[in-house]
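Each ligand, and each atom within it, is numbered from 1 in the order the structure gives.
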Amino acid sequence: MQVKWKKWLVGIGFAAILTVVVGCSSDSNGDSKGNVPDDYSNAVDYTITGIEPGAGITVTTEKALDAYDCLKGWELEQSSTAAMASELDKAIENKSPIIITGWNPHWTFAKYPDMKYLDDPKGVYGDVEQIKTLARKGLKADKPEAYKLLDQFHWEVEDMEGIMYESKESGKDIDEVAKKWVEDNPDKVAEWTKGVSDVEGEEIEIVSTPWDSERASSSVVKEVMEQKGFKVTVTPVDVAVVFESIASGDGDVTLAAWMPVTHKEFYEKYKDEFDDLGENLKGAKIGLVVPKYMDIDSIEDLKPKK
Ligand code: PBE
């Protein structure tokens, strides 16, 4: 058993060395559906289907375009998450190739379980991401009950993804699904509110991003805080504005900071100007994602534009 395991490790090591030496691959094995790895790059017109300009994953993908020789001449198409989702729907229906900027938690992976992340040997997209809670300086002193609750907020990928997917499937708004989630999860809620006294109409502004993942966390925390007597507003804005607003003290808190890679630039820029309350969710991920019917595994299987 142990010997087999070691052999396997040696194999992996060897494969890794090959990847490093070969870099962008140059083989061309097709499959019966006409999906030929060599043609994918041409078939997608050297274009990655992306989301909003200014998203962390957009900034990170621009770094990937610089970092990988295989991505020379490639473009990142930036529009919106909804537009990307509809391109993905179309591609999957036709079994045609598509490369998207993808992330977890996201309902895409529940709707389309046959998606995979491309390996990223240069580590541009990092490994595991966490979603962090950041508060403005002074919140702890001004509003200790709010701070305590926010500090104790922590949940799992499945919780967040469950709300996102249910909202997508049922057509109900995330707010409504989140309220129900709070009702159905008294044990988790009790952990977050442990030792937190009720308040009377204390105002809290949660600054957030417009993605479903962050709409889910903000809605859940809003509901829990309102049950404790807070008056909560959620303001969805661009990532850059989230950070600016917490740093300047305009907003009280965000539950939407993806680290250590996705929002690194913004985090670093303001890191002395907010309190980092640590992670509220572990196990997030970003990267380039393709349907499994595409016969490639790594960013380095893509070809530069000639
Ligand atoms: N996302 C979802 C965001 C954060 C949440 C990965 C699209 C981004 O800034 O890229």
- Which atom of F266 lies closest to which atom of G54, heavy atoms considered: CZ-O, 4.1 Å
- Message: So which atom in Y267 and which in K132 form the shortest heavy-atom distance, rounded to 0.1 Å?
- Response: OH-NZ, 4.0 Å
- Task: Over 60° means perpendicular and under 30° means parallel, so classify the ring planes of W155 and W181, tilted if in between.
- Result: perpendicular
- For the residue pair Y117 and F109, does the interplanar ring angle fall in the parallel (under 30°), tilted (30 to 60°) or perpendicular (over 60°) class? parallel
As a test of reading the model: which N/O atoms of the protein lie under 3.5 Å from N/O atoms of ligand 1, and at what distance?
from: ligand 1; atom 1: 9 (O); to: G56; atom 2: N; distance (Å): 2.7
from: ligand 1; atom 1: 9 (O); to: H263; atom 2: NE2; distance (Å): 2.7
from: ligand 1; atom 1: 10 (O); to: G56; atom 2: N; distance (Å): 3.2
from: ligand 1; atom 1: 10 (O); to: I57; atom 2: N; distance (Å): 2.8

- Assess whether atom CD of E226 is packed by more than 12 heavy atoms of other residues, nucleotides or ligands within 6.0 Å. yes
- Item | Passing candidate, side chain to side chain donor-acceptor pair (under 3.5 Å) with Y125, options T60, T61, T262, D120 | T61
